[in-house]
**Student:** 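Please see the structure below; I have some questions.
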Amino acid sequence: METIIFIYTIVFWILFYILQGMHDVNIVQEVKLLRRHIDDKINNNLEAEIVKKELGWKFWGGLEKTLVKVACSLVVYLFAGDLYFAFLCLLLSVSLRWLVHDMTVAIGLGKGLSHIGPDFIWTDRMLKKMQKKGINQYVVKLTFNLLLVGLTVVHLYA
């Protein structure tokens, strides 16, 4: 049963984050479209307010996604009866978001896989610093995912 739940969890979160990434791509494209029709002076004056609003919707969206992750992990726990397994599934949902969502946004915006998000997001700042030292962001993100998959497989089959 746990194997089916584990596979379902991975597939569910990958699909969820592709959809979420495409949602964010459309928001970014809408903002770019609107900013193209506003002169540079107004754009510069609006920059701080736009960042503040983006941080606001990211905060509330983060709470919304946290609620979904916790609820899904609770359902995993109720079906499997294994708190550690449910916790690993929760961590994997976070780690998959970092990988799949960011990859979807980069590809959706046509920026390629070297694209890293804005500086006002702390994880993106960290990834940019690592990139300057020659560490690819997807190596970091994939490492977390593989580690969590490995821990889960060991837990389920050891």
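Positions are given from 1 along the sequence. Excluded from the calculations below are hydrogen atoms, water molecules and symmetry mates; all remaining heavy atoms, backbone and side chain alike, are included.
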**Student:** Tell me, yes or no, whether the heavy-atom count around Lys53 atom NZ, taken from other residues, nucleotides or ligands under 6.0 Å, exceeds 12.
**Tutor:** no

**Student:** So, the side chain of Gln137 versus the backbone of His115: is there a donor-acceptor pair under 3.5 Å, distance only?
**Tutor:** yes

**Student:** Is there side-chain contact between Phe6 and Leu88, with at least one heavy-atom pair below 4.5 Å?
**Tutor:** no

**Student:** Below 4.5 Å, heavy atoms only, C-beta onward: do Arg35 and Ile50 meet side chain to side chain?
**Tutor:** yes

**Student:** Do Trp13 and Val100 make a side-chain contact, defined as non-hydrogen atoms from C-beta onward lying under 4.5 Å apart?
**Tutor:** no

**Student:** Spell out, as yes or no, whether a donor-acceptor pair under 3.5 Å connects the side chain of Lys133 to the backbone of Lys128.
**Tutor:** no

**Student:** Should Phe144 and Ile10 be counted in the same cluster of Ile, Leu, Val, Met, Phe, Trp and Tyr side chains packed under 4.5 Å apart?
**Tutor:** no

**Student:** Keeping the roles fixed (side chain from Asn145, backbone from Leu96), state whether a donor-acceptor pair exists under 3.5 Å.
**Tutor:** yes

**Student:** Transitively linked via ILVMFWY side-chain contacts under 4.5 Å: Phe79 with Val76?
**Tutor:** yes

**Student:** Salt bridge check: are Lys69 and Glu64 linked by an N-O gap of less than 4.0 Å?
**Tutor:** no

**Student:** Are any non-hydrogen side-chain atoms of Leu151 and His155 less than 4.5 angstrom apart?
**Tutor:** no

**Student:** Return the SG to OH distance between Cys89 and Tyr8, rounded to the nearest 0.5 Å.
**Tutor:** 12.0 Å

**Student:** Linking I/L/V/M/F/W/Y whenever their side-chain heavy atoms sit closer than 4.5 Å, directly or via other members, would Val105 and Leu15 fall into one cluster?
**Tutor:** no

**Student:** Any heavy-atom pair between the side chains of Thr104 and Tyr17 that's under 4.5 Å?
**Tutor:** no

**Student:** Supply the atom-to-atom distance Glu47 CD to Ile42 CD1, rounded to the nearest 0.5 angstrom.
**Tutor:** 14.0 Å

**Student:** Leu99 versus Tyr138: any side-chain heavy-atom pair under 4.5 Å?
**Tutor:** yes

**Student:** To the nearest 0.5 Å, how far apart are OH in Tyr77 and CD1 in Ile5?
**Tutor:** 13.0 Å

**Student:** So, Glu54 and Lys58, do they make that salt bridge, N to O below 4.0 Å?
**Tutor:** yes

**Student:** I'd like to check Arg97 versus Asp102 (side-chain heavy atoms, cut-off strictly below 4.5 Å). Are they in contact?
**Tutor:** yes

**Student:** What verdict does the side chain to side chain contact (heavy atoms under 4.5 Å, CB included) test give for Leu127 and Trp98, after you've listed the backbone C-alpha separation in whole Å, the side-chain angles of each residue and the deciding distance to 0.1 Å?
**Tutor:** CA-CA 11 Å; Leu127 290 170; Trp98 205 27; 3.9 Å; yes

**Student:** Atom CG in Leu90, atom CZ in Phe85: separation rounded to 0.5 Å?
**Tutor:** 12.0 Å

**Student:** Find the distance between NZ (Lys65) and CG (Leu67) and round it off to the nearest 0.5 Å.
**Tutor:** 11.0 Å

**Student:** Once rounded to the nearest 0.5 Å, what's the spacing between atom OG1 of Thr143 and atom CD1 of Ile135?
**Tutor:** 10.0 Å

**Student:** Taking atom CG of Leu33 as the centre, does the number of heavy atoms from other residues, nucleotides or ligands within less than 6.0 Å exceed 12?
**Tutor:** yes

**Student:** Counting C-beta onward and ignoring hydrogens, is there a side-chain heavy-atom pair between Ser93 and Phe16 closer than 4.5 Å?
**Tutor:** no

**Student:** Mark yes or no for whether Ser95, through its side chain, and Leu91, through its backbone, hold a donor-acceptor pair below 3.5 Å.
**Tutor:** no

**Student:** Are Val68 and Val75 connected into the same hydrophobic cluster when the rule is that any two of I, L, V, M, F, W, Y join if their side-chain heavy atoms are below 4.5 Å apart?
**Tutor:** yes

**Student:** Under a single-linkage definition using a 4.5 Å side-chain heavy-atom cutoff for Ile, Leu, Val, Met, Phe, Trp and Tyr, are Phe87 and Val153 assigned to the same hydrophobic cluster?
**Tutor:** yes

**Student:** Locate the shortest heavy-atom distance separating Ala86 from Ser73; write the atom from each residue and the value.
**Tutor:** CB-O, 3.5 Å

